[in-house]
Amino acid sequence: MADVLNLETESKPLNTELETPELEPVTEQPVPSPESTVNPEVAVASEPDAPHEDEVAAAVADIEQATAASEAMRPAVSAISEKTLEAAPEAGHDPESAADFASLLEAYEREQAAEAAAVEAYGDSIVSGRIANLTDKHAVINVGLKSDGLLPIEQILDHNGQPRFQAGDVIDVVIEREEPEGGYLVSYDKAQRLRVWDEIEKAANDKTAVMGTVVGRVKGGLTVDIGLKAFLPGSQLEMRPVRNLDGYIGQQIPVRVIKLNKKRGNVVVSRKEILEEEQNTRKEQTLEHLSEGSVLTGTVKNLTDYGAFVDLGGIDGLLHITDMSWGRLTHPRDLVNVGDEIQVQVLKFDREKQRVSLGFKQLTPDPWLDAVERYPLGAHVSGRVLSVTDYGAFIELEQGIEGLVHVSEMSWSKRMKHPTKLVKPGDEVESIVLAVNPADRRISLGMKQLQQNPWENLTERYPTGTEVEGRVRNLTDFGAFIEIEDGIDGLVHVSNLSWTKRIKHPSEVLKKGDKVKAVVLGVEPENRRLSLGVKQLQPDVWETFFRQHRVGDVVHGKVLRTAQFGAFVEISEGVEGLCHVSEAVDAEGHAMTLEQDQEHDFKIIKMSVEEKKVGLSIRAVGEEASRSEVEHYKTPTSSSSSSSTTTLGDLVNWSKFRR
């Protein structure tokens, strides 16, 4: 009973599938049956629970929903509904109410059949409809039927995703079918296909081109609007593979129909065929007047590391990087870019293989032919830095003419480790022409020549013996470099660091960055050399020693170090002498072992002023003492002695003393 009471609140749309089979035989079948009879007595006898009330209530609800737009049927349906509601509580039902409902249902079915027949009559015909409303999914179209048509919104969107029509516009559509939920499904694309299909068939048969607009991208290609939506495979878009298909959306392009299926409504088009035909036509025209030496205009098609491919009109030629410029190029993009139109000269043409070699620099004279006259030695020139290497910088003096500024010609200073410390690509610099070699296409340039040479008057500014001060810039195995002014470095040899110490490496007494004083020992401006000395700041201890001592002098010394051949002995501050093992003998003739820090008396037996060497001997000291004793015995010691001659006893005593 709850279903019966909710008839007016729960209504459903009526369609042809909701026919009530129990009510059809009322007018069409006179023979009564348990399922279709309208006799109340029979119905009550066969159906003691009176199921007709539920069936009638459901049918009435369907009629109310489906005929909401029909004003003529609404009062009748309402009356039947009221009568049914009044009879619902009873166990049976009124046979007159059932008869009225059957007649109304029959009328509704006739109306639905007429509507369906009208839709079927349209078939694939094109009808005009006015857009009533636009939603996110559909465009609601008034096509003159009881219900509106629903057009999928994507059929009328442009390539930007915006509707091409607005509410109130009249468009052509094709009615496809009635939707179970109500309304009719219509198609704009199908209407367009029907309208232009004959033209497309003719274009396909004649292989003529049609213009289309790329409206979107789909899997494997693009969608092109040629009056209807056609599929353009990605492989048929250009003669070469295309990576970015989205870039073509919105463009108008000529295409050719290569496949169509009217039954399915499928159309496949190609742009590649049109481009290939155009290329073949241009190629035939180009080959007619293509010959070696001819000058043509072409379009740069592609760039590689070794050159550029130029489209001459249906045929491509290679412009090698060596034939682009009389100068040096690191990459073809330094001169041309893809899409540039340039004039080129045909250098070689193989008609059989259809290979063309092109040249660009051949259109201008070789600038190296008169380079000697235009760039004389000593000329002041300016140019742009093209590249920088470890050994120098290349300067472009003009198109096709480059010069090299070697790193040694950039600055008078030796401190510059790399040319990038002074110049970088793109800099405008000035230089002096040092040498020109047209055969090798080389020009040597110098930048430091524009500055004053600090070595020219160095002799006048730093004569020999001048005391200077500088900072240790570098240390090597053979000495230390001291910078006395910007660009001027002097060398202190390791032998000129100390008078007394035997220094093996300058790091023993100096370190990088130290500020030291030195004496100028010599200047060679032509070789850019300056000799300095540190030990010359102090008096020469060797010179003093040699002035105060002679061979035969006995000196006292301390053993500093020993070797297999002898011992080095310090005999004065800063002065060392060598006592050979053969001279390390005591007074009795026994060999002595000299050890470090021992102190002895030594006799100078050899001196070399030039080599600053002193030879020492302990043996000679003993012999000197013996001679002194002999002289002592020879000399009279008392006045009582009457004989001035040596006696035999004196000799015996002297011999004992020796032993």
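Throughout, residue positions are numbered sequentially from 1 according to the sequence presented.
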According to side-chain hydrogen bond (donor to acceptor under 3.5 Å, both in side chains), who are the partners of H556, at least two apart in sequence or on a separate chain? E599, D601
List the steps and the verdict of side-chain hydrogen bond (donor to acceptor under 3.5 Å, both in side chains) for T297 and E341. CA-CA 7 Å; T297 300; E341 286 193 2; over 6 Å; no
Would the number of heavy atoms belonging to other residues, nucleotides or ligands and lying under 6.0 Å from CZ of R243 be above 12? no
Please indicate whether Q564 has more than 12 foreign heavy atoms, meaning atoms of other residues, nucleotides or ligands, lying under 6.0 Å from its CD. no
Quick one: does any side-chain atom of D323 pair with a main-chain N or O of H320 as donor and acceptor, under 3.5 Å? no
Is there a side-chain contact between I604 and M607 in this structure, where contact means two heavy atoms from C-beta onward sitting under 4.5 Å apart? yes
Between K517 (side chain only) and L537 (backbone N and O only), is there a donor and an acceptor less than 3.5 Å apart? no
Salt bridge (charged side-chain N to carboxylate O under 4.0 Å, His left out) between K613 and E576: does it pass, once the steps are laid out? CA-CA 8 Å; K613 292 181 179 180; E576 296 179 7; over 6 Å; no
Tell me if a side-chain donor or acceptor on R217 pairs with a main-chain N or O of I249 at a distance below 3.5 Å. no
Rounding to 0.5 Å, atoms CD1 (I482) and CD1 (I484) come to a distance of 9.5 Å
Student check: side-chain heavy atoms of I401 and Y375 closer than 4.5 Å: yes
Over all heavy atoms of both residues, which pair between Y462 and V520 is shortest? Give the atoms and the distance, please. O-CG1, 3.8 Å
Separation between NE2 of H406 and OH of Y391, rounded to the nearest 0.5 Å: 9.0 Å
Could you check whether any side-chain heavy atom of V519 comes within less than 4.5 Å of a side-chain heavy atom of T466, counting everything from C-beta outward? no
Could you report the tightest heavy-atom contact between A620 and K603, atom names first, then the distance? CB-CD, 3.4 Å
Nearest 0.5 angstrom please: L296 CG to Q343 CD, how far? 9.0 Å
Using salt bridge (charged side-chain N to carboxylate O under 4.0 Å, His left out), reason through R374 and E398 one step at a time and then give a plain yes or no. CA-CA 11 Å; R374 291 185 294 115; E398 64 176 79; 2.4 Å; yes
Does the side chain of V356 come within less than 4.5 Å of L312's, by heavy atoms? yes
For L594 and A567 the tightest heavy-atom approach is CD1-CB, 3.9 Å
All heavy atoms of D305 vs all of P332, minimum pair found to be O-CD, 3.9 Å
Could you please spell out the steps behind the side chain to side chain contact (heavy atoms under 4.5 Å, CB included) verdict for L318 and Y306? CA-CA 10 Å; L318 173 61; Y306 53 85; 4.1 Å; yes
Start with the C-alpha distance between L386 and I395, add both sets of side-chain angles, then the distance that settles side chain to side chain contact (heavy atoms under 4.5 Å, CB included), and finish with yes or no. CA-CA 6 Å; L386 289 180; I395 312 297; over 6 Å; no
Flag, side chain of Q451 to backbone of K448, donor-acceptor distance under 3.5 Å: no
Nearest-0.5 Å distance, CG of residue L445 to OG of residue S382: 11.0 Å
Chi angles and distances behind the side chain to side chain contact (heavy atoms under 4.5 Å, CB included) call for N496, L521: CA-CA 10 Å; N496 289 320; L521 303 181; 3.6 Å; yes
T304 side chain to G307 main-chain N or O, any donor-acceptor pair under 3.5 Å? yes
Let me see the working for E483 and R473 under salt bridge (charged side-chain N to carboxylate O under 4.0 Å, His left out), right down to the final yes or no. CA-CA 6 Å; E483 182 185 37; R473 189 179 62 83; 5.9 Å; no
On the 0 to 90° scale, with breaks at 30° and 60°, tag the H549-F545 ring pair as parallel, tilted or perpendicular. parallel
SB check D340 K301 (cutoff 4.0 Å): no
Using modelled atom types and a 3.5 Å cut-off, is there a donor and acceptor pairing between side-chain atoms of R355 and backbone atoms of R351? no
Roughly how far, to the nearest 0.5 Å, is the NZ atom of K424 from the CG atom of L422? 10.5 Å
Do L358 and L347 come close enough that some side-chain heavy atom pair is under 4.5 Å? no
Backbone of E396 reached by a side-chain donor or acceptor of E402 within 3.5 Å: no
Does R271 use its side chain to pair, donor to acceptor, with the backbone of L237 at less than 3.5 Å? yes
T562 and F568, any side-chain heavy atoms less than 4.5 Å apart: no
Would you say the side chain of I443 lies within less than 4.5 Å of the side chain of L404, judging by non-hydrogen atoms? no
Is a donor on one side and an acceptor on the other found under 3.5 Å between the side chain of K558 and the backbone of H600? no
Trace of the side-chain hydrogen bond (donor to acceptor under 3.5 Å, both in side chains) decision for Q354 with K283: CA-CA 10 Å; Q354 293 191 353; K283 184 176 181 179; 2.6 Å; yes
For N437 and W368, work out which heavy atoms get closest and say how close. O-CZ3, 4.4 Å
Go through it in stages, so that I can follow the logic: the residues are R384 and D427, the test is salt bridge (charged side-chain N to carboxylate O under 4.0 Å, His left out), and I'd like the CA-CA distance, side-chain angles, deciding distance and then a yes or no. CA-CA 6 Å; R384 180 174 61 92; D427 288 352; over 6 Å; no
Would you say the side chain of Q345 lies within less than 4.5 Å of the side chain of S294, judging by non-hydrogen atoms? no
In short, Y248 meets E238 closest at the heavy-atom pair OH-OE2, 2.8 Å
Walk me through whether V405 and F394 qualify under side chain to side chain contact (heavy atoms under 4.5 Å, CB included). CA-CA 6 Å; V405 180; F394 287 94; over 6 Å; no
Donor-acceptor contact below 3.5 Å, side chain S572 vs main chain V575: no
From CG (D597) to CD (E570), nearest 0.5 Å: 10.5 Å
